[in-house]
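Each ligand, and each atom within it, is numbered from 1 in the order the structure gives.
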Amino acid sequence: MKKLLILLLCLSLPVSCSPRQPPPEEDPPHFTVIGVSQVGSESGFRVANTESMRSVFTEEAGYRLLFDDARQKQENQIAAIRKFIQQRADYILLMPLCVSGWDSVLQEAREAGIPVILVDRTIETADESLYAAHVGADFQWEGEQAAAWLENAFQGAKGPVNILHIQGTLGSSAQLGRSAALEQAVEAHENWNLLAQLDGDFTQAKSYEETAQWLDSQAGPPVLHAVYCENDSAAFGAIQALEERGYSCGAEGVRIVSFDATRQGLTYCLEGRISLEVECDPMMGPLVEEVIRTLQSGSTPDKHYYTQEQLFTPEDLSRALIDRRPY
Ligand code: GZL
Ligand code: ZN
């Protein structure tokens, strides 16, 4: 009887009948998920800017990058931000194509508790709390450097200084800043004539097309003293259209000023075809990571982190210097 009782007792005890559980998997590494909404791949600057993000936010460094190329359309950027919210990104990097139309989607990101960092370009909003920080350039400052160089180049010119203006993507903060600087300088010099403002959309193809069409639409070949190109891609397109029509670009001919200072732009400058390059540094990955680290530590980052930039003229350049540059 006693044996029966003991047997019944054993049977009633809870026992694990499955084989021994393996030790709990160490939990998968925690990645910081970064959603990146990039403008597109319209220029050498943009390609380098993307490369800078990819080289900083690697899996080895503990990041998972969700990357979207908006192909120059704001609605694609808005859709990408909504996707990053659904994917519960930890941070969103936005390179905003243009300055307006962001408030509602940035409110959705704020409601989801996801900090947004503006990279490269910035936005116009009444509510600056919609973004944690902006890392990029001061485009008005860049334009003012170019305008000051033109002022110096045409110092004491008695007759008219005829300027052709090839603008970047209309409504982008880069175009607005660089255009405002030129327009203010034209206002300040009564002998400067802004012959035309063409929309080159920051691409070589559109800038070439617009410049060629404008030149061919004039009664005779216009007398040009300077072409203000709002990025290197625009300069390459404008120079191609000008040289095809017999213009010489350089100190003895049409002064071309350009922005970005990509290796190709600096090569044109070394050759003298571009007279002034205003650098626009795309390598913002490390600065953006600094902002993320500040946020992760619970501190409040500065609102603006400006890239440091320099100017180049042919005399400043050598092949070796250009080859050493990262983009
Ligand atoms: C400026 C950037 C501009 C570049 C162009 O920081 O937004 O956009 O100057 C690019 O090359 O298209
Ligand atoms: Zn810049």
Identify, by atom number and element, the atoms of ligand 1 in contact range of C280, meaning under 4.0 Å from any of its heavy atoms.
1 (C), 6 (O)
Would you check if there is a donor-acceptor pair between the side chains of D316 and T313 at a distance under 3.5 Å?
yes
Could you tell me, atom by atom, which parts of ligand 1 come under 4.0 Å of a heavy atom of F139?
1 (C), 6 (O)
Note: ligand 1 atoms sitting under 4.0 Å from heavy atoms of E42 are 8 (O), 10 (C), 12 (O)
Using a strict cut-off of 4.0 Å, indicate which atoms of ligand 1 neighbour a heavy atom of D120.
1 (C), 2 (C), 6 (O), 7 (O)
Check: Y228 ring centroid to F259 ring centroid under 6.0 Å
yes
For M95, which part has a heavy atom under 4.0 Å from ligand 1: side chain, backbone, both, or neither?
neither
Using a 4.0 Å heavy-atom threshold (strictly under), name the region of F259 that reaches ligand 1: side chain, backbone, both or neither.
neither
For R178, counting its heavy atoms only, list the atoms of ligand 1 lying under 4.0 Å from any of them.
1 (C), 9 (O)
Does CD in E187 sit with more than 12 non-hydrogen atoms of other residues, nucleotides or ligands closer than 6.0 Å?
no
Applying side-chain hydrogen bond (donor to acceptor under 3.5 Å, both in side chains) to T294 and not counting sequence neighbours gives none
Report, one line per pair, each donor and acceptor closer than 3.5 Å where one atom sits in a side chain of residues 235-246; sequence neighbours left out.
{"residue": "E243", "atom": "OE1", "partner": "R273", "partner atom": "NH2", "Å": "2.8"}
{"residue": "E243", "atom": "OE2", "partner": "R273", "partner atom": "NE", "Å": "3.1"}
{"residue": "E244", "atom": "OE1", "partner": "Y208", "partner atom": "OH", "Å": "2.7"}
{"residue": "E244", "atom": "OE2", "partner": "Y208", "partner atom": "OH", "Å": "3.1"}
{"residue": "R245", "atom": "NE", "partner": "D216", "partner atom": "OD1", "Å": "2.7"}
{"residue": "R245", "atom": "NH1", "partner": "A241", "partner atom": "O", "Å": "2.9"}
{"residue": "R245", "atom": "NH2", "partner": "D216", "partner atom": "OD2", "Å": "3.0"}

Salt-bridge present (E42, K206; N to O < 4.0 Å):
no
Main-chain N/O of L150 paired to R255 side chain as donor or acceptor, under 3.5 Å
no
Please confirm whether A137 approaches ligand 1 to less than 4.0 Å, judged on its heavy atoms.
no
Close-contact set for ligand 1 against N231 heavy atoms, below 4.0 Å:
5 (C), 9 (O), 11 (O)
